[in-house]
Amino acid sequence: MKRYFFKNLCLLFFITAQVIFCTAQTKSIDQKVDSVLKLMTLDEKIGQMNQYNGDWQATGPITKDGDKQTQIREGKIGSMLNVTGVDHTRTLQEIAMQSRLKIPLLFGQDVIHGYRTTFPLPLAEAASWDLQAIEKSARIAATEAAAAGVHWTFAPMVDIARDPRWGRVMEGAGEDTYLGSLIATARVKGFQGKGLGNTDAVMACAKHFAAYGAAVGGRDYNSVDMSLRQLYEVYLPPFKAAADAGAATFMNSFNDLNGIPATANKLLQRDILKGQWNFKGFVVSDWGSVGEMINHGYAKNNYEAAMLAANAGSDMDMESRSYIKNLNTLVKEGKVKTAVIDEAVKRILKKKFEMGLFSDPYKFCNEEREKQQWNNADNISFSREIAKKSIVLLKNEHQLLPLSKQTKNIAMIGPLVKAVRDNLGFWSYSWPDDTARIVTLWNGVQNKLNNTSNLLYAKGCNINDNNKDGFDEAIAVAKQADVVVLSVGEAPDMTGEAKSRSNLHLPGVQEDLIKAIMATGKPVVVLISAGRPLVFNWTADNVPAIVYTWWLGTQAGNAIADVLFGDYNPSGRLPISFPRTEGQVPVYYNHYNTGRPAKNDSDVNYVSAYTDLVNSPRFAFGYGLSFTKFDYSTIKLSKTKLTATDKLEASVIVTNAGNYDGEEVVQLYIRDMFGSVVRPVKELKGFQKIFLQKGASKEVKFIISTNDLKFYNNELKYDWEAGDFQIMIGSNAMQLQKAAVEWAK
Ligand code: GLC
């Protein structure tokens, strides 16, 4: 007994010591922040709230004014963006060390899906449904960027997007709040790794706060208007997940939300983020968004814009110059309290301390580390791994895929067969050796077949014009082949920021080229590269095999060849619904039932349907094929009547009934049949990506509690309500086994 008591006493002593030490440690950072703040003049404080773009590249409309190095030396700039490379960042940090208080600069950068090694677009990675892989991708991006002097990435973008006309759908995790929240967490953890202060960790930045993906008409920067209930239910959870994962910063969004620009939206930034969520990081505006409140008609001038944004909790002004030019006067005139400035500056300084920049401003300026990360073979090999997992097989009639490696003559046709940088997609970096490093589709197939087959090539057409001069050559090449691989899609700059499109069809004459090649009677595989769902109904109806290859990054060609020739069985599942046409947008799986739901796809008799189009999407959320076939048993439930404290076990037996080993994403959806507000016809509440050898079976079990039933009611109370529920498990949002349960309070 004595030994036990002594052991516990030691444990208690150890824990107490830890608490004292940690409190002392945390207290020391807070104390250090306070001690620096006390030394600062008002202008120096305002300088910390000012962020300028470097002069090397721009990601927004740039203002050429003044000598930034002088302004750094004078303490007028607290952060720079788009400055990368150990040499450039060291140069500017050395100048910051000449300022009176030697407060280090923060260097921010859009490391969205890779830095030196480029990974699949974020939307493509979301199609992998592989959270560990997604976290690792962000981890590698952070390591490479940090080695190049970057302290802070403006990622993850966690905007839920249900409208593929919006070009930035490529940058997030698609239409679903549950999946988007898990991916937000994975990306924040990936970027921040073992914590700020490690030389391979960068500060994450959850953006764009908030509801930027709900722009009216899918038109970038457009207005957003929605109920608070929908804001809380659909758009905020991924931001909350990012905050809970420890995201160091947030970035507000360009849009106005319910009449108030996000940049000056107190509800978002002070009440919810810094209040309810107790967020301790800082908020940076988006590029020029403070000054853009004049265009919004919300501020008469930059003076007012600065006042509105600062008072609403925007801590740092990216590129609008509103803060640096007006905050001093605003404080002197009592329009912005010193306490508001001090709170913003403390948040910023705290991150600089946590990053270790006060103790070593050159901590991230290590030439050796930069060299190590410049061509890291492991990083390149992983980019191929996650690229394979992101590919979605949409159609595979008569098992045309995988192709045999012994195929004699293969025609590779289309404008993207030999595309190089296109494979990196939007928000990627160009390097002088890109042509040597990026694996094109053509390279990938060559690497795979190492000259055992006769590869034929024709471009056929351009991506986005009406020129059909190349058709004859393409048809002739197709006629010589045993199989044709057609590579079509968008140009990479057709999706991304400021890239909203009203027409989602395959651009140019690409679908005509597909028709012409199909007319040869040859077996055809179509590969579609894009950053968003596209519309390609003729192809979807007539081509036997279709693979969605998004933009897959540095190793694109190898990853696609792995799938084409069966070295990897595709496991991607769509993170966003594909519309049949633009007129169907928005189409998403977790819609409400309405009072007149269509009974089936052809029902148009006084129901909520289009008379000229079926209601279902072209391809459903969660959809994706495999070379094999997965069969599902009916759902087994541990109970069908439950009370508040019960947990429900719902399981299915999944069998690999085909001829290939493969992975399946087993998805769990729940429907709350009746509620105090109408409830979606289904909501994703769980998934498990499993591997099954051919012929093997596995029981996949989900544990469901009342936490999974909660939603925001009309009073914005987050809770669950007793009643009838449908439990659904299956391979996508439309192919599900169903079972009913009753849950009482
Ligand atoms: C851009 C984007 C934002 C990005 C920032 C800096 O306008 O909206 O996502 O992080 O400016 O490049």
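Both counts, for ligands and for their atoms, begin at 1 and track the order of listing.
Every residue two or more places apart in sequence or in another chain was checked for a side-chain hydrogen bond (donor to acceptor under 3.5 Å, both in side chains) with Ser383, and none qualifies.
Taking the six-membered ring where tryptophan is involved, the planes of Tyr115 and Trp431 are perpendicular, since the angle between them exceeds 60° and thus also 30°. Ring planes of Phe621 and Trp129: tilted class, angle from 30 to 60°.
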Contact table, ligand 1 N/O with protein N/O, distance under 3.5 Å:
residue: ligand 1; atom: 7 (O); partner: Asp286; partner atom: OD1; Å: 3.4
residue: ligand 1; atom: 7 (O); partner: Glu497; partner atom: OE1; Å: 3.1
residue: ligand 1; atom: 7 (O); partner: Glu497; partner atom: OE2; Å: 3.0
residue: ligand 1; atom: 8 (O); partner: Arg168; partner atom: NH1; Å: 2.7
residue: ligand 1; atom: 8 (O); partner: Asp286; partner atom: OD1; Å: 3.2
residue: ligand 1; atom: 8 (O); partner: Asp286; partner atom: OD2; Å: 2.6
residue: ligand 1; atom: 9 (O); partner: Arg168; partner atom: NH2; Å: 2.8
residue: ligand 1; atom: 9 (O); partner: Lys207; partner atom: NZ; Å: 2.8
residue: ligand 1; atom: 9 (O); partner: His208; partner atom: NE2; Å: 2.6
residue: ligand 1; atom: 10 (O); partner: Asp110; partner atom: OD1; Å: 2.5
residue: ligand 1; atom: 10 (O); partner: Lys207; partner atom: NZ; Å: 3.0
residue: ligand 1; atom: 11 (O); partner: Asp286; partner atom: OD1; Å: 3.1
residue: ligand 1; atom: 12 (O); partner: Thr59; partner atom: OG1; Å: 2.5
residue: ligand 1; atom: 12 (O); partner: Asp110; partner atom: OD2; Å: 2.5

Let me have the donor-acceptor pairs involving side chains of residues 305-313, under 3.5 Å, with sequence neighbours excluded, atom names and distances please.
residue: Asn311; atom: ND2; partner: Met307; partner atom: O; Å: 3.2
residue: Asn311; atom: ND2; partner: Lys335; partner atom: O; Å: 3.1

Side-chain donor-acceptor pairs of residues 118-126 under 3.5 Å, sequence neighbours excluded:
residue: Glu125; atom: OE1; partner: Arg187; partner atom: NH2; Å: 3.2
residue: Glu125; atom: OE2; partner: Ser137; partner atom: OG; Å: 2.5

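Note: Phe107 CZ to Arg90 CZ = 11.0 Å, rounded to the nearest 0.5 Å.
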